[in-house]
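Okay, so here's the structure we're looking at.
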Amino acid sequence: MALIETTCCIVGGGPAGMMAGFLLARAGVDVLVLEKHADFLRDFRGDTVHPSTLEIIHELGLLDDFLRRPHQKASQIKGIIGGSEITFADFSHLPVRCPFIAFMPQWDFLDFLAEHGLRLPRFRLMMNAEVTGLIEEDGRVAGVTGASPSGAFAVRTALTIGADGRSSVVRDRAGLQPIRFGAPFDVFWMKLPRREGDRRAALGRVDAGQILVMIDRGDYWQCGYVISKGAADDVRREGLSAFRERIAAIAPELADRCATLTRWEDVRLLTVQVNRLKTWFKPGLLMIGDAAHAMSPIGGVGINLAVQDAVAASNLLAGPLRRESLTAHDLRRVQNRRDWPTRITQRFQMVIQKRALARILQRTRPFRVPLIARLVNGCPILQRIPARLVGMGFRPEHIAPISGPGAN
């Protein structure tokens, strides 16, 4: 078994893991990121990069390079409710460098972080490295074990960060059980062709019993068709033709494009989870991102909460890691900082799930635009409130100055 030693081992090469790895290495900490896949190419992962994350990239001095990557911008979020177009949020007034959402495929975002991380002498990335267990000694996590194409390996480290997503192996091996809150819906994701002249804004379609999300991906629409929790098998039994008719009913301009859905493999099911760990850490171990708190897709805030976790972890832990003085108290400080914004964001999501989405999916009569939506649409200043909550979150993090021996 190959033995690797490092100061910090991060399990999972998603937004939380890659950002934490880049920031800690930039701050002078030896970091190894382990990603179980051979590349970052996965469809229908979150790809909404919010103004809060763009501000972090600006603070790092990397914004120009980031914006040169393929992406689409949305300064407003619009929806079509019962046939009427409604503007829900306007980001253009946010006091940030980039007052818009950038839609970028997650693999491009992760490639961006990997490219800049690999320029740092203290950053290492191992692809095709699947973690299978933890090393525990004297009441603390001292590293991980795993397998790669070149054989089994063990990593010994002062800190293990579990950033391996909502089905976290690290969390499971550590015996950390999340509190599960449930969600009344799941989502079928698919790609449909985009044509010249289609609307550019991010759109949601709402009508009696139906919700369709449309995200502009340049040459195609990334569409999410919302269904009641557990109804996927029923929808599949109705047949693909009936499913295409559902899409055409709520978005008639997509009717002929639905023909591109020729098999159920073209439609990917996202089983929505909302959960949160009561305790994010053990001695030698910290959980962040979806591994610590799975978010609802409402608002597309999952990536941005994960990035905020990574920034807070780097700000608070880089010093103790460089000084070789890390304690459980330091790990608790990370949770104390990020737990409150996570809780309140999930609370808002669950209110929307229960009071809006669940009721819409159960409705059979024609849908009328709710009063609050009409008020927001008719008063541009009110559109700034959801823009602030979605775009910046409840505790946006900022990059701390680098100081101390060993900092890059």
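Position 1 is the first residue of the sequence, and the numbers go up from there.
Crowding of Arg97 atom CZ: a count of heavy atoms from other residues, nucleotides or ligands under 6.0 Å not exceeding 12. By the 6.0 Å contact criterion, CD1 on Ile372 is open, its count of non-hydrogen atoms from other residues, nucleotides or ligands being 12 or less. Environment of CZ in Arg347: sparse, with no more than 12 heavy atoms of neighbouring residues, nucleotides or ligands closer than 6.0 Å. A 6.0 Å sphere centred on CG of Leu371 holds more than 12 heavy atoms belonging to other residues, nucleotides or ligands.
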Do Leu32 and Val155 pass the side-chain contact (heavy atoms from CB on, under 4.5 Å) test, and can you show the C-alpha distance, the side-chain angles, and the key distance before you say yes or no? CA-CA 9 Å; Leu32 172 64; Val155 181; 3.9 Å; yes
Apply salt bridge (Lys or Arg N to Asp or Glu O under 4.0 Å) to residues Arg217 and Asp47 and explain how you reach the verdict. CA-CA 10 Å; Arg217 295 297 315 119; Asp47 60 1; 3.3 Å; yes
Kindly indicate, with the supporting measurements, whether the criterion side-chain contact (heavy atoms from CB on, under 4.5 Å) is fulfilled by Leu159 and Thr7. CA-CA 7 Å; Leu159 174 65; Thr7 303; over 6 Å; no
Walk me through it: do Val301 and His50 pass the test side-chain contact (heavy atoms from CB on, under 4.5 Å)? CA-CA 8 Å; Val301 297; His50 286 48; 4.1 Å; yes
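At a threshold of 4.5 Å between non-hydrogen side-chain atoms, the residues Phe281 and Ile161 do not count as touching. Residues Ile250 and Arg246 have side chains not in contact (no heavy-atom distance under 4.5 Å, counting atoms from C-beta outward). Counting heavy atoms from C-beta on, the side chains of Val187 and Ile227 never come closer than 4.5 Å. Inter-residue side-chain proximity for Ile57 and Phe109 is flagged as met; some heavy-atom pair is nearer than 4.5 Å. Inter-residue side-chain proximity for Trp280 and Leu331 is flagged as unmet; no heavy-atom pair is nearer than 4.5 Å. For the pair Phe88 and Asn377, the minimum side-chain heavy-atom distance is 4.5 Å or more.
Interatomic distance, Ile211 CD1 to Ile360 CD1, rounded to the nearest 0.5 Å: 4.5 Å. Distance check: Leu67 CG to Phe112 CZ gives 8.5 Å after rounding to the nearest 0.5 Å. Rounded to the nearest 0.5 angstrom, Ile56 CD1 and Leu63 CG are separated by 12.0 Å. Between the SG atom of Cys8 and the CG atom of Leu24 there is a distance of 5.5 Å, given to the nearest 0.5 Å. Remark: Met19 CE to Ile303 CD1 distance equals 10.5 Å, nearest 0.5 Å. Rounding to the nearest 0.5 Å places CG of Leu321 at 9.5 Å from OG1 of Thr6.
Looking only at atom types and distance, the side chain of Gln76 has no donor-acceptor partner in the side chain of Ser92 under 3.5 Å away. Checking His293 against Gln346 by side-chain atom types alone, no donor-acceptor pair falls below 3.5 Å. Side chain to side chain, Gln308 and Arg395 fail the donor-acceptor criterion of an N or O pair below 3.5 Å. Between the side chains of Asp198 and Trp221, at least one donor-acceptor pair of N or O atoms lies under 3.5 Å. Neither side chain, His71 nor Asp108, offers a donor N or O lying under 3.5 Å from an acceptor on the other. If you check the side chains of Asp330 and Thr327, you find a donor sitting under 3.5 Å from an acceptor.
Using a 4.0 Å cut-off between charged nitrogen and carboxylate oxygen, Asp339 and Arg343 count as a salt-bridge pair. A salt bridge does not link Arg195 with Glu253: none of the charged nitrogens is closer than 4.0 Å to a carboxylate oxygen. Note on Arg140 versus Glu136: no salt bridge recorded, every NZ/NE/NH1/NH2 to OD/OE distance being 4.0 Å or above. Salt-bridge formation is detected for the pair Arg69/Glu115: a Lys NZ or Arg NE/NH1/NH2 atom is positioned less than 4.0 Å from an Asp or Glu carboxylate oxygen.
Test Lys73, Arg194, Lys78, Lys191 against Asp216 for salt bridge (charged side-chain N to carboxylate O under 4.0 Å, His left out) and you get one pass: Arg194.
Each side-chain hydrogen bond (donor to acceptor under 3.5 Å, both in side chains) pair with one or both residues in residues 176-188, not counting sequence neighbours, appears once here: Asp186-Lys229. Sorted by first and then second residue, the ring pair (Phe, Tyr, Trp, His ring centres under 6.0 Å) pairs with a member in residues 12-34 form an empty list; sequence neighbours excluded.
Remark: Ser150 pairs with Ser148 by the side-chain hydrogen bond (donor to acceptor under 3.5 Å, both in side chains) rule, at least two apart or across chains.
A donor-acceptor pair is defined here as one N or O able to donate and one able to accept, closer than 3.5 Å; no such pair exists between the side chain of Ser314 and the backbone of Ala310.
The nearest pair of heavy atoms linking Leu326 to Ala158 is CD2-O, 4.0 Å.
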